[in-house]
Structures are given as structure tokens and as C-alpha cells.
Amino acid sequence: MMNLFLSPSPILLGKGIGMIRIIIGLFLVYHGIEIFFPETMNSYLQWDMFKGPYGKLLVYTGKTSEFICGSLLTLGFLTRPATLIMIGNFSYITFFVGEGRFWYQEQHPFMFALFGVLFLFTGPGAWSVDRIIFKRKV
């Protein structure tokens, strides 16, 4: 048993990725659900970077993509397309809204972008609609 634990070989890789995907998806739904709360959305529009003519579009597009990508990731449905949107959204937040300070202040959105890259390469893992539709074993 100790050899298996110390081995570089994966242990329950598909199930581990599936668990992480579901948790990350639920976090994204939690952040994106703000789109249904006008007072919260209006508070974002008070930020200097969103006071221009496209501010409302940026805020609503970002929160909508968080909600949709989170829902898709939670289900493991259209995982790779969802991750591309997720990577784009959180890279924009990290490097434009947060001025690229991913080593300190913008770690949270940067980590979501990195998880997007992870799921882009690994796929959804276990317990996914993609697995059912495309009949792939994990």
C-alpha cells in the first residue's frame, strides 16, 4: 500500500478530477448567481473600470459566463468549450480588471483560469454528462 501511495502513478485519477470539477463548478455557480441580484450587479458598475460605455456589458457578460460555465462544469457537460470561456473570463479579470497581480491580489481569478486549463487538458473525469454522451471511459 505504501508503494502505491509513494508511486508517481495516479490513484483514482478520473474520480479525483471529477470531484474537483464538481466543486469548482459549484464555486463558479455561486459567483455567477450574482447576476440574479440587481443590487450586487449595480455595485460592480460603480467600479472605475466599469464606468465606461461597455461597463454594463462587461459585468453582465462576465457574471453570466461564470454562472453558465459553472453549471456546465458541475454537470460535466460540454466541459472543454466551457473551460475555454472560463479561461478567457478569468484571464480578463486577472490581467485587465486586476492589473495582472496574480502572485498576490488576483490569485482567486487566476486559480480559476488555471483550473480551466487543467480541465481543458484532462477532460471532465468521472460522473459527467460528457462521458455518457460520448461513451468514453474514465
Side-chain angles (χ1 to χ4, degrees):
M1 185 60 120
M2 185 58 102
N3 286 342
L4 179 64
F5 183 72
L6 297 176
S7 165
S9 300
I11 303 171
L12 300 172
L13 181 63
K15 290 180 181 177
I17 289 171
M19 284 189 310
I20 294 168
R21 174 190 43 82
I22 291 167
I23 293 167
I24 295 296
L26 290 172
F27 279 141
L28 288 177
V29 168
Y30 173 77
H31 287 285
I33 207 159
E34 292 177 340
I35 195 151
F36 300 110
F37 299 99
E39 62 280 351
T40 304
M41 296 303 287
N42 286 332
S43 71
Y44 289 120
L45 295 174
Q46 302 308 310
W47 295 7
D48 287 340
M49 74 267 318
F50 298 127
K51 288 189 178 180
Y54 300 109
K56 192 170 189 176
L57 176 67
L58 290 170
V59 169
Y60 276 87
T61 300
K63 285 298 175 181
T64 300
S65 71
E66 288 176 15
F67 184 76
I68 291 171
C69 289
S71 299
L72 292 173
L73 279 179
T74 300
L75 296 172
F77 180 57
L78 300 175
T79 303
R80 287 193 170 105
T83 61
L84 290 175
I85 296 168
M86 180 178 162
I87 293 164
N89 184 46
F90 286 103
S91 293
Y92 179 83
I93 292 169
T94 301
F95 295 106
F96 293 98
V97 175
E99 300 175 3
R101 296 173 297 212
F102 61 88
W103 60 89
Y104 183 64
Q105 292 171 319
E106 302 306 320
Q107 288 177 354
H108 185 230
F110 188 63
M111 292 298 285
F112 277 124
L114 289 178
F115 274 115
V117 171
L118 173 72
F119 299 130
L120 180 66
F121 286 117
T122 64
W127 312 300
S128 70
V129 174
D130 287 344
R131 180 176 176 218
I132 295 167
I133 292 173
F134 300 109
K135 309 260 190 269
R136 301 188 110 194
K137 291 191 176 199
V138 179

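A quick note: this is a predicted structure, and the numbers were derived from the prediction, not measured. Residue indices begin at 1 and follow the sequence shown. What you see below is based on every heavy atom in this structure, not just the backbone, and it leaves out hydrogens, waters and symmetry mates.
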Hphob cluster co-occupancy, [X] + [Y], side-chain heavy atoms under 4.5 angstrom:
| X | Y | result |
| --- | --- | --- |
| Y54 | V59 | no |
| L57 | I35 | no |
| F36 | Y30 | no |

For atom CZ of F96, is the number of surrounding heavy atoms from other residues, nucleotides or ligands below 6.0 Å larger than 12?
no
Please determine whether the number of non-hydrogen atoms from other residues, nucleotides or ligands lying under 6.0 Å from atom CZ of F27 exceeds 12.
no
Establish, yes or no, whether a centroid distance under 6.0 Å links the rings of F112 and H108.
yes
Are the ring centres of F90 and F115 closer than 6.0 Å?
no
Between [X] and [Y], which heavy-atom pair has the shortest distance, and what is it?
| X | Y | answer |
| --- | --- | --- |
| G125 | S128 | O-OG, 3.6 Å |
| A82 | C69 | O-SG, 3.3 Å |
| L73 | G25 | CB-CA, 3.9 Å |
| K51 | L45 | CG-O, 3.8 Å |
| V97 | F50 | CG2-CZ, 3.9 Å |
| G70 | V29 | C-CG2, 3.4 Å |

Applying side-chain contact (heavy atoms from CB on, under 4.5 Å), can you list everything that pairs with M19, at least two apart in sequence or on another chain?
W127
Any heavy-atom pair between the side chains of T40 and K63 that's under 4.5 Å?
no
Check: L72 and T83 side chains under 4.5 Å, non-hydrogen atoms
no
Using modelled atom types and a 3.5 Å cut-off, is there a donor and acceptor pairing between side-chain atoms of [X] and backbone atoms of [Y]?
| X | Y | result |
| --- | --- | --- |
| T94 | F110 | yes |
| N89 | I85 | no |
| S65 | G62 | yes |
| R21 | G123 | no |

Rounded distance (nearest 0.5 Å) linking atom [atom1] of [X] with atom [atom2] of [Y]:
| X | Y | atom1 | atom2 | value |
| --- | --- | --- | --- | --- |
| M86 | I68 | CE | CD1 | 14.5 Å |
| M41 | T64 | CE | OG1 | 6.5 Å |
| S71 | E66 | OG | CD | 11.5 Å |
| Y44 | E34 | OH | CD | 3.5 Å |
| W47 | L58 | CH2 | CG | 12.5 Å |

Only counting residues at least two apart or in another chain, list the ones meeting side-chain hydrogen bond (donor to acceptor under 3.5 Å, both in side chains) with T79.
D130
Would you mind listing the cluster partners of V117? Hydrophobic ones only (ILVMFWY), side-chain contacts under 4.5 Å, chaining allowed.
L84, I87, L120, F121
